[in-house]
Amino acid sequence: MLAAGKDSALLRYSIGNEHMKARDWRAAIGALERSVALDPGFTAAWKLYAKALDQAGEPSAALDAYRKGIEVAQRKGDRQAEKEMTVFARRIERTLGAR
């Protein structure tokens, strides 16, 4: 689909999700970063992007992504995503604070 010029946030999200399943964090980050660039209001992409960053050992970047995702979720009224990302963000904050 990409070769045919059919790039989209959903396609990049799907590619990122497959890379996550394969535990290829760097490839997942690249795809998910593109997903949120194509659609900054894509709450699920922010959540998965932040998770990929955290799994790749980039907690500060993950925390930033979670915070952006939380803002998006609040604007969209997506309470469940907001709650989930808030929990993950707090875990990272505690970890970073313990260093």
Side-chain angles (χ1 to χ4, degrees):
M1 291 181 79
L2 289 175
K6 299 191 182 211
D7 200 2
S8 71
L10 182 58
L11 177 59
R12 294 295 181 144
Y13 173 83
S14 298
I15 292 168
N17 192 39
E18 291 304 311
H19 286 302
M20 290 289 288
K21 290 177 187 176
R23 302 174 62 88
D24 185 347
W25 314 128
R26 289 285 148 214
I29 289 167
L32 294 162
E33 184 174 50
R34 182 73 179 134
S35 179
V36 297
L38 289 168
D39 182 359
F42 193 172
T43 308
W46 280 109
K47 183 176 151 189
L48 199 59
Y49 177 47
K51 182 177 181 180
L53 288 164
D54 194 29
Q55 291 294 320
E58 298 184 35
S60 294
L63 183 56
D64 288 343
Y66 277 128
R67 288 176 176 160
K68 288 175 186 169
I70 291 165
E71 289 175 15
V72 169
Q74 288 172 338
R75 282 195 305 271
K76 293 178 79 176
D78 190 347
R79 300 284 298 152
Q80 184 61 35
E82 177 188 351
K83 288 177 187 178
E84 290 174 14
M85 287 189 281
T86 298
V87 167
F88 296 132
R90 286 186 180 148
R91 286 181 188 160
I92 293 172
E93 288 169 343
R94 283 194 298 270
T95 300
L96 290 175
R99 289 183 179 174

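This chain uses plain numbering: 1 for the first residue, then up along the sequence. Because the structure is a prediction, the values reported are computed rather than measured.
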### Task
Show your reasoning for whether salt bridge (charged side-chain N to carboxylate O under 4.0 Å, His left out) applies to D7 and R34.
CA-CA 10 Å; D7 200 2; R34 182 73 179 134; 3.6 Å; yes

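- The minimum heavy-atom distance linking L32 with G16 is given by the pair CG-CA, 4.0 Å.
- Taking each heavy atom of R12 and A31 in turn, the nearest pair found is CB-O, 3.3 Å.
- A donor-acceptor distance shorter than 3.5 angstrom exists from the side chain of W46 to the backbone of P40, with no hydrogens or angles considered.
- T95 places a side-chain N or O within donor-acceptor distance of the main-chain N or O of R91, the cut-off being under 3.5 Å.
- In this structure, E84 does not pair ionically with K51, as no charged nitrogen and carboxylate oxygen lie closer than 4.0 Å.
- Residues A56 and W25 approach most closely at CB-CB, 3.8 Å, considering heavy atoms.
- With respect to K68 and E71, no salt bridge is recorded, no charged nitrogen being found less than 4.0 Å from a carboxylate O.
- Shortest non-hydrogen contact noted between T43 and G69 is CG2-O, 4.4 Å.
- In this structure a side-chain-to-backbone donor-acceptor pair under 3.5 Å is present from K76 to G41.
- Shown here for Y13 and L48, the closest heavy-atom pair between the two residues is CE1-CD2, 3.7 Å.
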### Message
Quick one, E82 with R79, criterion salt bridge (charged side-chain N to carboxylate O under 4.0 Å, His left out). Give me CA distance, side-chain angles, the key distance, then yes/no.
### Response
CA-CA 5 Å; E82 177 188 351; R79 300 284 298 152; 3.0 Å; yes

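- The two residues A62 and D54 make their nearest non-hydrogen contact at CB-N, 3.5 Å.
- Rounding to the nearest 0.5 Å places CD1 of I29 at 4.0 Å from CZ of R26.
- With rounding to the nearest 0.5 Å, the separation of CG in D78 from NZ in K83 is 10.5 Å.
- Considering only heavy atoms from C-beta on, F42 comes within 4.5 Å of L10 through its side chain.
- One finds the CD1 atom of I92 at 5.5 Å from the CG atom of L63 (value rounded to the nearest 0.5 Å).
- Using a 4.5 Å cut-off on side-chain heavy atoms (C-beta onward), L96 and E93 make no contact.
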